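Every value quoted in this text rests on a predicted model; they were computed, and no experiment measured them. Each chain gets a letter, A, B and so on, in the order the sequences are listed, and its residues count up from 1.
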Number of protein chains: 2
Amino acid sequence: MTETSQQDASNEPSPEAQEVWELLIELSASRMRQRFSRTIAELQLSPPQAHALRQLEPGQPLPMRDLACGLACDASNVTGIADRLEKRGLVERQVSPSDRRVKTLVVTPAGVVTRERLLALLHQVPAPIATLSAGEQRLLRDVLRRILDTPDEQG
Amino acid sequence: MTETSQQDASNEPSPEAQEVWELLIELSASRMRQRFSRTIAELQLSPPQAHALRQLEPGQPLPMRDLACGLACDASNVTGIADRLEKRGLVERQVSPSDRRVKTLVVTPAGVVTRERLLALLHQVPAPIATLSAGEQRLLRDVLRRILDTPDEQG
DNA sequence: TATTGTTATACTCTATAACTATA
DNA sequence: TATAGTTATAGAGTATAACAATA
């Protein structure tokens, strides 16, 4: 077994960075995933439906094309997702005034209610974070902000 | 608004804790999700197939029931997921010696190769984490460890 | 010609319920 | 009787390719 570094991008990450990343994967794949699943099940939303609702800010019509991009899926899928949300009365299709090829989605009043319940549930701070000390919370917040501000060149 | 800095289980979380949680959601839903999708697409694995492969440690037969639990899905789904992995020669079904009702899954040699490539890709530390200072990395690691060690009573 | 949304197709995942073979 | 895995079914997500309307 040779000592091949798996990082073609020049140097190896520190063991601490490695562990940080694996802890984040663990957190995301287990706890956060469970919580998300439980939440959307409660509102009887599928994952893409929930993600779509999350992106549809009230009063801001979103072109279906853009939603496809936000959902990271092919545009053809958005037709069905929008169909089902529309059938439940949560969103509405509108033709864009500026480009008649474009259809936008807007949350209905009922959609706003569901969206707000969804966000309220999703954003409920889990105990393991709420019980960190004030100092730890600040530090964690600052580091996470920096991580999200740093572009990721597909490491 | 009262000056709640500590959590009595019924109190509001601090604004810092709130932001930490929302930053984690953002990180998980955008960056980590994209990276996971790109990775499994490269290996032509579906999300549940990748999760299954991740859980199948070489040389450790896993009852299909347990895999269903690990995937957080109904047991009936595992049949199809295992079928497709088996058809690709990545896993094998074995009858448990201790209980002939139970079938276990084991990664084949080819499966081990794919699994290792998967893990190597998934675990590549993204630039935004690799470029944190050594102090920040240690701090982040310690806080994440604590978060994962703290039980989450469905906040 | 290029783009937007739709449709058709094929595959996968998902839960539910009924079935089998073991225990 | 209870449990593990399978099958049947129905619904939803996914990408690809072809299509209509619009630009």
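- No path of Ile, Leu, Val, Met, Phe, Trp and Tyr side chains, each step under 4.5 Å between heavy atoms, connects W21(A) with L119(B), placing them in separate hydrophobic clusters.
- For E19(B), the side-chain hydrogen bond (donor to acceptor under 3.5 Å, both in side chains) partners at least two apart in sequence or on another chain are R145(A).
- Placement of L144(B) and L122(B) in two distinct hydrophobic clusters is found when ILVMFWY residues are connected by side-chain heavy-atom separations under 4.5 Å, directly or transitively.
- The hydrophobic cluster containing I25(B) also contains V143(A), counting ILVMFWY residues as joined when their side-chain heavy atoms lie under 4.5 angstrom apart, directly or transitively.
- If you chain together hydrophobic residues whose side chains sit under 4.5 Å apart, L85(A) and L43(A) fall into the same group.
- Atom CG in L85(A) sits about 16 Å away from atom P in dG5(C), given to the nearest Å.
- Sorted by first then second residue, the side-chain hydrogen bond (donor to acceptor under 3.5 Å, both in side chains) pairs that include residues 56-70 of chain B, not counting sequence neighbours, number zero.
- Straight-line distance from the CG atom of L62(A) to the C1' atom of dG5(C): 14 Å, rounded to whole Å.
- D152(B) pairs with exactly one of R31(A), R35(A), Q34(A) by the side chain to side chain donor-acceptor pair (under 3.5 Å) rule, that one being R35(A).
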Classify every nucleotide of nucleotides 10-15 of chain C by which part a protein heavy atom approaches to under 4.0 Å, writing B for the base, S for the sugar-phosphate alone and - for neither, in 5'-to-3' order. --SSBB
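- There is no path of hydrophobic side-chain contacts, each under 4.5 Å, that joins V106(A) to L53(A).
- In R138(B), the CZ atom is not crowded: 12 or fewer heavy atoms of neighbouring residues, nucleotides or ligands sit closer than 6.0 Å.
- Pairs passing the side-chain hydrogen bond (donor to acceptor under 3.5 Å, both in side chains) check and including a residue from residues 89-98 of chain A, sequence neighbours excluded, read D83(A)-R93(A), E86(A)-R93(A), S96(A)-S98(A).
- Near-neighbour residues of DNA chain D inside residues 93-102 of chain B, defined by a heavy atom below 4.0 Å, number-ordered: R93(B), R101(B), V102(B).
- For the pair K103(A) and dT6(C), the criterion of a side-chain N or O lying under 4.0 Å from OP1 or OP2 is met.
- The nucleotide range of DNA chain D contacted by chain A, defined by atoms under 4.0 angstrom from heavy atoms of the protein and reported 5' to 3', is dA12(D) to dA23(D).
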